[in-house]
Protein chains: 2
Amino acid sequence: MKCNPYIAESAALIGDPARAGMLSVLMDGQARTATELAHIAGVSPQTASGHLAKLREGNLLAVERQGRHRYYRLASEKVAQALEALMVLSRDGPPRFRPPGPRDAQMRFARTCYDHLAGRLGVTLTDAFVDLGYLIGSAEEFTVTAAGEIAFDKFGLDLKELRRRKRSFARRCLDWSERRGHLGGALGAALFIQFQKTGWIKRQNDTRAVRLTRAGAHGLAQEFGIDVKLLGDGAA
Amino acid sequence: MKCNPYIAESAALIGDPARAGMLSVLMDGQARTATELAHIAGVSPQTASGHLAKLREGNLLAVERQGRHRYYRLASEKVAQALEALMVLSRDGPPRFRPPGPRDAQMRFARTCYDHLAGRLGVTLTDAFVDLGYLIGSAEEFTVTAAGEIAFDKFGLDLKELRRRKRSFARRCLDWSERRGHLGGALGAALFIQFQKTGWIKRQNDTRAVRLTRAGAHGLAQEFGIDVKLLGDGAA
DNA sequence: TCCATACTTCGGTTAATATCGAACTATGAA
DNA sequence: TTCATAGTTCGATATTAACCGAAGTATGGA
């Protein structure tokens with residue numbers, strides 16, 4: 001009863017440690033170049049190239065050429081779902097190594113996603129921008145309104161300069177813990193830097209977790225009308 | 001940045017054709033002996049024994065001894081979910097080799113997904129529950145409304161008892177053929193059992209396919225306002 | 001034009017593992 | 001006890017595929 005030999009193909013693709021590492025890191029919704037992924041997986045560029053070709057062939061990854069770079073991202077949300085399901089399995093089982101709780105909560109509250117802010121804080125902030133009429137969202141990216149131009153400018157961002165950069169300006173990035181879109185791209189990255197400069201947030205040492213300071217909580221309420229109390233655990 | 005080497009382990013286990021075959025056939029929730037599984041996977045008993053040991057070690061299978069037999073079954077619903085998620089992936093992509101076949105049509109119409117109902121029938125039923133105001137769906141699970149409590153109780157389900165169980169109560173399970181969510185969890189399983197008890201559905205021998213009886217068609221229309229004619233092929 | 005960078009393809013080596021034959025243990029029946 | 005069946009472990013073999021060095025293609029910039 002050779003029922004579904006097909007699932008073996010996809011599973012085998014995910015089953016290689018190097019490829020699993022690439023896929024895992026792409027779960028944050030960001031696209032990455034082949035070289036970045038090679039470094040992340042800890043293999044040589046030519047080995048990575050082989051892996052990436054297989055993942056593409058197996059419809060797990062999609063690729064987009066931009067100049068001499070090739071940006072790889074998960075082919076669809078379904079891929080992310082399958083990866084999630086496998087992560088759940090890996091958490092089961094014997095103790096192995098159960099990553100500790102508090103940091104996990106911190107990560108869900110706020111973390112870096114490549115170079116911008118993700119987690120509950122990132123999503124809430126993005127929602128607030130939309131509510132305030134600063135941003136208009138589409139499936140793949142955000143547009144800054146006239147009101148947004150003024151507000152971000154007042155906050156110390158140079159939008160004109162940001163637009164000149166090659167990378168996409170205000171990409172919608174999918175958050176895997178929140179399963180919601182949030183602001184990425186050049187604008188998201190610039191905001192993240194600005195938040196650090198003003199001391200509103202602090203990166204935790206050697207992790208992707210991000211902490212909101214007292215000044216940050218105050219500032220978010222003042223500037224963007226965000227009540228941090230509503231953000232729940234990890235906000236303190 | 002060795003993020004999640006864990007998922008590679010589980011995926012690699014599923015990634016072998018022989019093991020994938022065993023796992024696929026166990027998706028129907030039944031337990032099977034090592035020899036049966038060897039035959040299904042098309043390998044010798046000693047090879048199968050090795051595979052089964054690995055699957056057990058990896059917490060994908062659970063085993064129960066009965067006399068000189070060892071009955072293997074999926075270790076948990078989570079394993080079934082991961083397998084389904086991988087089936088969704090395998091369906092994507094280029095044609096490859098899509099075996100149509102009558103059995104396939106039956107499977108797409110209605111089948112067991114571990115211990116609950118999947119396929120077009122499962123999805124339609126779930127949709128009907130939502131339309132009738134019995135369930136409210138979110139990304140990961142369903143909530144039973146007051147109206148739903150009454151209806152399911154009338155149908156012979158003991159929701160209080162179901163809620164007491166450890167497993168999740170009303171999970172949304174993704175279907176590989178329909179690519180839609182349908183009702184799983186303790187509630188989904190209980191409904192499936194109830195449907196069998198009332199003689200509305202019958203399991204096909206040795207497959208995951210499920211047949212809707214004439215009484216079932218009538219009952220679905222009567223109780224839940226579902227017109228089976230709209231379900232297309234395989235309904236007869 | 002020339003060079004640097006990003007990425008790929010090719011070829012040979014090496015490590016991992018799926019496979020089965022043979023032999024072993026455990027259970028049930030005569 | 002003796003035999004048959006279910007399942008296992010062990011050892012040898014063969015296939016697969018991950019890996020990297022070397023060399024190739026494509027793009028961007030000077």
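Quick note on labels: first sequence line is chain A, next is B, and so on, each numbered from 1. Heavy-atom basis, side chains included; hydrogens, waters and symmetry copies ignored.
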If you look at every strand shown and take non-hydrogen atoms under 4.0 Å, does A:Y71 touch a base, only sugar-phosphate, or nothing?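 Touches nothing.
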Starting at [atom1] of [X] and ending at [atom2] of [N], how long is that distance when rounded to a whole Å?
X	N	atom1	atom2	value
A:R70	D:dT25	CZ	C1'	10 Å
A:H39	D:dC19	NE2	P	15 Å
B:L13	C:dT17	CG	C1'	12 Å
A:E64	C:dA6	CD	P	18 Å
A:K54	C:dT8	NZ	P	14 Å
A:L55	D:dA18	CG	P	10 Å
A:H69	C:dA4	NE2	P	17 Å
B:Q46	D:dA6	CD	P	14 Å

Where the side chain of [X] is concerned, which of [options] is the nearest nucleotide?
X	options	answer
A:D16	D:dC19, C:dT8, D:dT27	D:dC19
B:T47	D:dA6, C:dC20, C:dT17	C:dC20
B:H51	C:dT9, D:dT5, C:dT19	C:dT19
B:A34	C:dA6, D:dA18, D:dT8	D:dT8
A:S44	D:dT27, D:dC20, C:dA18	D:dC20

**Prompt:** Is there a donor-acceptor pair under 3.5 Å between the side chain of B:T213 and the backbone N or O of B:W200?
**Reply:**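 Looks like yes, one N/O pair under 3.5 Å.
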Note to self: Strictly distance-based, threshold 3.5 Å: is any side-chain N or O of A:S49 a donor or acceptor partner for the main-chain N or O of A:P45?
What the structure shows: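 Checked: no pair found.
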Hey, can you tell me if A:F224 and A:F129 have their rings parallel, tilted or perpendicular (30° and 60° cut-offs)?
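Perpendicular.
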Evaluate the side-chain proximity of B:R120 to B:F109: yes if any heavy-atom separation is below 4.5 Å, no if none is.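 They are in side-chain contact.
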Using the closest heavy atom to pick a nucleotide of DNA chain D for each, name whichever of B:L52 or A:V43 lands nearer the 5' end.
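Here B:L52 is the residue nearer the 5' end.
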Please tell me which of A:R65 and A:A12 maps to the more 5' nucleotide of DNA chain D, matching each residue to the nucleotide holding its nearest heavy atom.
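Of the two residues, A:A12 wins.
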| How far apart are the C-alpha atoms of A:L55 and A:L13, what are their side-chain angles, what is the distance that settles it, and do they pass the side-chain contact (heavy atoms from CB on, under 4.5 Å) test? | CA-CA 7 Å; A:L55 289 170; A:L13 281 174; 4.2 Å; yes
